[in-house]
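First the structure, in the form of structure tokens, and then the observations on it.
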Amino acid sequence: MPNYQDEWLAAVLGPLIPEAKLARLKDDTESKTSLWERIIDARLLTQAEVLDAVSARCKLPIANLELAGESGRDALPEQLARRHAVVPLTVTDAVLEVATSNPFDIGAEQALAFATGREVRMLLASPPRIRERLDILYGSAQRGGSVKDILGGMEDVDVTELPDAQDELDAEAAAAEASSRPIIKLVDVLLADGITSRASDIHIESGEAVVVIRYRIDGVLRHAMTIPRKAGTPLISRIKIMSGLDIADRLRPQDGRARVAVNGNPVDLRISTLPATHGEKVVIRILNTQSTMLSLEALGLFEDEQAIIKKLLNSKEGIILCTGPTGSGKTTTLYSCIRMIEGEGVNIVTVEDPVEYRLGKNVVQVQTNEKTGLTFAAALRSILRQDPDIVLVGEIRDIETAQVAVQASLTGHLVLSTLHTNDAPNTVTRLVDMGLEAFKIGAALRGIIAQRLMRRICPVCREKQPLSELPERLRKWVPEGATLWKAIGCSQCTQTGYRGRFSVVEILVMNPEIERLVGNNGNADVIAVAARAAGMRSLFECGLAHLLEGHTTVDELLRVTDVPQAPEGAVKAKGKSKDKAKGRAGTTGNSTPVEPATDVETTAEQSEDELFAGIELVDESDGPTEPAAAGSRATILLVEDEDSLRRVMKDLLQQEGYVICEARDGAEAMEQVDRHNPDLVLLDLNLPNVDGYTVLQRLRSHPRTQNLPVIILSARGDEDNEVKVLRLGATDFLAKPFRPRALSARLEATLARSRAEEVKGER
């Protein structure tokens, strides 16, 4: 006998499926699914093809399951509908229309006619769609009631427990229990309660005797309820059914998605399961678009911080990175940035894993898929062929993605992405550790936003905190007379003292000085000193400003940020006055700086020493040397079409005392040669309009420039290319990426040989 109930389907689909493959499916004694589902799983036919074939053979229409509503649900009991796997569609006084996947089930037709007292008319639908619609139809009817009432009803559920938690129920029994009314009701109320409680995650943890359910609200886990262990397995099975996971597989982690509606508001769910000692742990991530206001103002940023971010977003090219640990709101910040700059005239494409929120019609969002080879790097390469203006990369995880992102930023695209680092200055170190060249990082970066999420104090129950209660390490940071608040707890904030969260940020904006330090492999400490001298305030300073504004508490500040050993913000850049240092420790959005109780002034000379500490200069000597005055060293013509790379090289060479003139293409290079009569030319080969090969040939064909030193810079470092340019008359060849000290040494050697030949010629 066949181990499936739809043997009739083999005769209907026989002409469409090879006989050998159909025989293998019919003889599969281990599978417990129907023949219909086996054919779909084996990809022999699609759902539509099976439905069309059965509809043509049986002369039955295909059902529209969206017609199923309350009238049909009330006319047909759930137990009967699930037993015969039918969905009630429409009902009148005389006729009941149902969707079925087995039109030859005469017993089901008779049982339904007897139970409802109506003529039964059958329409066709696939088994998975029928099960899904039954869950929606009868599950949604069971909402309501308290958790206590639901748990009271659980006592009558007969669940057999076995010693091994992994073998408690077989797949068929687990599915049956998961479809029972108490379990459906429990899951519905659990989700509704978590969503209305503003939870970002629901944790279901199986213990030895009970199952504990906790909500993560405002970043902190809170105990919500405890249910009997015998309800745990069907509860988890019900959640796995909703998200399309395999309820029989309890030995491997699984990930799925689901979509529910609470009070008419759609909510997306991400479900993750993890095998544990006493059973599976399930975490449900709630992605509630309605409660997530994607705007910079909603993040709780000060006005000056919003202005800096908006200025960064006005960049036409480069990379803007948002950094921080998992759960620090990086993705929400980037989504807020996208929402601010999206429009019909801008082509915005994102590549994410997973796509958490739908951003709108003007944004194309791409979901990565490792199984099909659609990785971040592969998707990003394809996106760059789609003529994007702005690209959002969900996360830079590897060197391949980082290289493609940097290349995109250097070729006229604005790239937004996230990275896992502790603060903004350490982001550069992290990128170098991944394998990126330092000079490319400096050229590509436009800004770094490091952030954390801090809980907002409840305005209803907060109380003033005496300054005498401050911890000793914080007293030097808080000025006398400041008003601080402490959390108490009330019904409005569920007795926690906090309601909602806001972002504390550390924004590093690139400038020529920081770009030079990054290009010279400066360490994070040196970059941090330069950034603070340019006005950056640290995460602690931002949190302290919010504390003094009354947005949060001392406990929350200490929980989220680390207190520095000595007051920051006293470090000033050379030549800058004190009023330029707004936004440091003890500042607020538009307020004046608050001087710490213990003021540690750092002189301009000390600041400069710290700024250049650890920097490897191109021209080393035994002692400090002053750069040569303009005109006392050689004039160099720098020919490079990439603006960002040209700026980096210009800064490096000017630091060495050279006089620099620039050209963006070959035609401009020839004009600059005639105008400035340079002592040496640094020439890129890949140039617009007139390429570097042509420029080199023209220089060598003219008597006045035939002996002009020309050093070739090329990304093509192969031997054939090097031989070609040397035969054309190039003085030297340097492949990209180059090391600054190596470039400096070649310049010195080439110019020295040129001067020696001039002196020899004069003699």
Side-chain angles (χ1 to χ4, degrees), residues 296 299-315 318-324 333 337 421-428 442 445-452 477 479 503-518 522-549 561 564 566-596 599-613 647 651:
L296 292 178
L299 300 180
L301 303 180
F302 289 127
E303 290 184 4
D304 59 336
E305 294 167 342
Q306 295 180 37
I308 294 173
I309 294 177
K310 290 177 181 178
K311 185 176 180 181
L312 288 175
L313 294 175
N314 287 331
S315 303
I319 294 182
I320 300 174
L321 293 176
C322 190
T323 71
T333 298
C337 295
T421 58
N422 292 329
D423 55 26
N426 275 290
T427 302
V428 176
L445 272 179
R446 291 295 174 269
I448 304 169
I449 306 170
Q451 76 173 62
R452 300 290 189 276
W477 294 96
S503 298
V504 289
V505 295
E506 177 181 271
I507 307 176
L508 187 154
V509 179
M510 297 295 290
N511 58 32
E513 183 63 30
I514 299 177
E515 191 173 323
R516 183 186 63 80
L517 294 176
V518 172
N523 59 41
D525 293 336
V526 174
I527 295 173
V529 171
R532 286 199 297 272
M536 181 191 79
R537 61 182 168 205
S538 66
L539 289 168
F540 171 78
E541 293 168 339
C542 182
L544 180 64
H546 281 284
L547 173 68
L548 297 176
E549 284 287 308
T561 65
E568 303 174 17
V571 179
K572 297 181 290 297
K574 187 174 182 179
K576 299 283 183 76
S577 59
K578 289 185 178 181
D579 62 333
K580 297 288 187 180
K582 285 187 178 181
R584 310 274 174 91
T587 65
T588 58
N590 292 316
S591 63
T592 57
V594 177
E595 292 295 331
D599 188 11
V600 181
E601 284 291 335
T602 305
T603 64
E605 290 75 17
Q606 290 172 328
S607 174
E608 187 176 70
D609 291 341
E610 292 182 14
L611 194 61
F612 291 101
R647 286 196 300 269
D651 290 341

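Note that the structure is predicted; figures quoted are calculated from it, not measured. The figures here come from the full heavy-atom set of this structure, side chains too, leaving out hydrogens, waters and symmetry mates.
Taking the side chain as every heavy atom from C-beta outward, Cys542 and Glu305 approach each other to under 4.5 Å. Using a 4.5 Å heavy-atom threshold, the side chains of Met510 and Val518 count as touching. Counting heavy atoms from C-beta on, the side chains of Asp304 and Arg537 come closer than 4.5 Å. Looking at Ile527 and Leu508, their side chains come closer than 4.5 Å, going by heavy atoms from C-beta outward. Residues Ser538 and Asp423 are not in side-chain contact: their nearest non-hydrogen atoms beyond the backbone lie 4.5 Å or more apart. The shortest side-chain heavy-atom distance between Val428 and Leu445 falls under the 4.5 Å cut-off.
Note: Cys337 SG to Leu312 CG = 8.5 Å, rounded to the nearest 0.5 Å. To the nearest 0.5 Å, the span separating CZ on Arg516 from CG on Asp651 amounts to 8.0 Å. Once rounded to the nearest 0.5 Å, the distance linking CZ of Phe302 with NE2 of His546 reads 4.0 Å.
Glu506 places a side-chain N or O within donor-acceptor distance of the main-chain N or O of Ala424, the cut-off being under 3.5 Å. At least one donor-acceptor pair under 3.5 Å links the side chain of Gln306 to the backbone N or O of Leu301.
Between Gly318 and Arg446 the shortest heavy-atom distance is CA-CG, 3.9 Å. Across all non-hydrogen atoms, the minimal contact from Leu544 to Trp477 is CD2-O, 3.8 Å. Minimum heavy-atom separation, Ile514 to Ala531: CD1-CA, 3.8 Å. Scanning both residues, Arg452 and Asn422, for their nearest heavy atoms gives NH2-O, 2.7 Å.
Leu517 pairs in a side-chain contact (heavy atoms from CB on, under 4.5 Å) with only one of the listed residues (Val526, Asn523, Asn511), which is Val526. Each of Leu321, Thr323, Ile309, Thr427 was evaluated against Ile449; a single residue qualifies, Ile309, per the side-chain contact (heavy atoms from CB on, under 4.5 Å) test.
Crowding of Lys310 atom NZ: a count of heavy atoms from other residues, nucleotides or ligands under 6.0 Å exceeding 12.
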